[in-house]
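Just so you know, residue 1 is the first one in the sequence shown, and it goes up from there.
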Amino acid sequence: MSIIYKKTLRENPQNRDIKKYHPQLVTLGKSVDEDYIAHQIKELSSLSKGDIHSVITNFLDVVRTSLYSGHSVNFRNFGVFSLSAQTEGADTREECTARNIKSIRINFRASKSIRPDVNATRAEDKISFIDLDAYLKNLSGTYVPDENNNGDNGEDEGTNPLG
């Protein structure tokens, strides 16, 4: 698995005169959608794509209903979904009503089993990083791997930028 990053110049919030480059992760292409996920699950199981779509739709309905009923939703080995509110403060207890709630957000806290770990040692959990410039050079056919694998051409961990 490889994640592409670009080099972004950012100001230091405490001292705007100091600027440093930071790697910023890049999302490629379109988002993965329900249809793609259903197809991938179909390939891994004996279920039909229609069955999987039905399960996903019902799953989302139950999660939403549970959240809107005031419960958190905990998926073992995945994470916990919960609601939080952005509110406006009130001077007195009596003035603090539901009208003070300005917006609701759904929060997600990933479980340890799916959190990315840049120091992972298991092959299936290992993540490599590729510089966007190197990735684009590879797509155009001008990519030349760095013999030292030091990241100069965007390769970290000596991996192929496309995979």
Side-chain angles (χ1 to χ4, degrees), residues 1-14 20-132 134-136 139 154-157 159-163:
M1 290 182 271
S2 296
I3 297 175
I4 297 176
Y5 68 92
K6 63 182 178 181
K7 299 169 185 173
T8 305
L9 186 62
R10 295 187 185 156
E11 293 179 345
N12 180 330
Q14 283 88 25
K20 291 188 178 185
Y21 284 93
H22 293 265
Q24 179 180 337
L25 301 185
V26 175
T27 301
L28 299 176
K30 293 189 224 175
S31 297
V32 170
D33 62 9
E34 180 183 324
D35 198 49
Y36 176 83
I37 291 172
H39 177 75
Q40 295 294 50
I41 294 171
K42 177 182 89 70
E43 295 298 314
L44 297 170
S45 71
S46 61
L47 299 172
S48 73
K49 202 169 170 183
D51 291 338
I52 295 164
H53 274 289
S54 178
V55 169
I56 291 172
T57 300
N58 293 333
F59 168 81
L60 295 175
D61 286 344
V62 171
V63 168
R64 183 179 54 238
T65 300
S66 297
L67 288 170
Y68 291 6
S69 297
H71 298 279
S72 63
V73 179
N74 187 350
F75 295 103
R76 185 176 35 135
N77 297 325
F78 186 62
V80 179
F81 291 89
S82 62
L83 295 180
S84 67
Q86 185 173 13
T87 63
E88 187 175 272
D91 293 329
T92 66
R93 184 175 176 84
E94 291 75 26
E95 291 173 340
C96 183
T97 66
R99 287 189 200 124
N100 296 81
I101 299 172
K102 300 304 172 195
S103 67
I104 301 289
R105 292 192 175 133
I106 296 176
N107 303 312
F108 177 70
R109 290 181 312 276
S111 73
K112 287 183 181 180
S113 64
I114 70 161
R115 271 188 225 138
D117 180 5
V118 295
N119 300 313
T121 55
R122 289 179 28 188
E124 62 269 15
D125 293 339
K126 192 153 183 61
I127 299 173
S128 61
F129 298 94
I130 301 165
D131 177 43
L132 178 62
Y135 177 79
L136 294 173
L139 287 178
E155 280 193 288
D156 293 344
E157 305 299 324
T159 59
N160 179 337
L162 295 180

Novice: On a heavy-atom basis, which atom in L47 and which in K42 lie closest, and how many Å separate them?
Specialist: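 Here L47 and K42 meet closest at O-CG, 3.5 Å.
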Novice: State whether the side chain of S69 and the backbone N or O of T65 hold a donor-acceptor pair below 3.5 Å, judged by distance alone.
Specialist: yes
Novice: CZ of R10 to NZ of K20: how many Å apart, nearest 0.5 Å?
Specialist: 13.0 Å
Novice: Side-chain contact test, heavy atoms from C-beta onward, threshold under 4.5 Å: evaluate it for V73 versus V80 and give yes or no.
Specialist: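 No; the side chains remain at least 4.5 Å from each other.
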Novice: Looking at residues at least two apart in the chain, or sitting in another chain, which of them share a salt bridge (charged side-chain N to carboxylate O under 4.0 Å, His left out) with D33?
Specialist: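 Partners of D33 under the salt bridge (charged side-chain N to carboxylate O under 4.0 Å, His left out) test: none.
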Novice: Would you check if D131 and K7 make a side-chain contact, meaning some heavy-atom pair closer than 4.5 Å?
Specialist: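 Yes, close enough: below the 4.5 Å cut-off.
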Novice: Around atom CZ of R115, are there more than 12 heavy atoms from other residues, nucleotides or ligands closer than 6.0 Å?
Specialist: yes
Novice: Any side-chain heavy atom of T8 within less than 4.5 Å of one from Y21?
Specialist: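 In short, these two side chains do not touch, never coming nearer than 4.5 Å.
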Novice: Could you pull out all residues at least two apart from K49 that satisfy salt bridge (charged side-chain N to carboxylate O under 4.0 Å, His left out)?
Specialist: D35
Novice: Does Y36, at its OH atom, have more than 12 non-hydrogen atoms belonging to other residues, nucleotides or ligands within less than 6.0 Å?
Specialist: no
Novice: Check the orientation of Y5 and F129. Use parallel for under 30°, tilted for 30 to 60°, and perpendicular for over 60°.
Specialist: perpendicular
Novice: Using only atom types and a distance under 3.5 Å, with no angle test, would you say the side chain of N58 pairs donor to acceptor with the backbone of V55?
Specialist: no
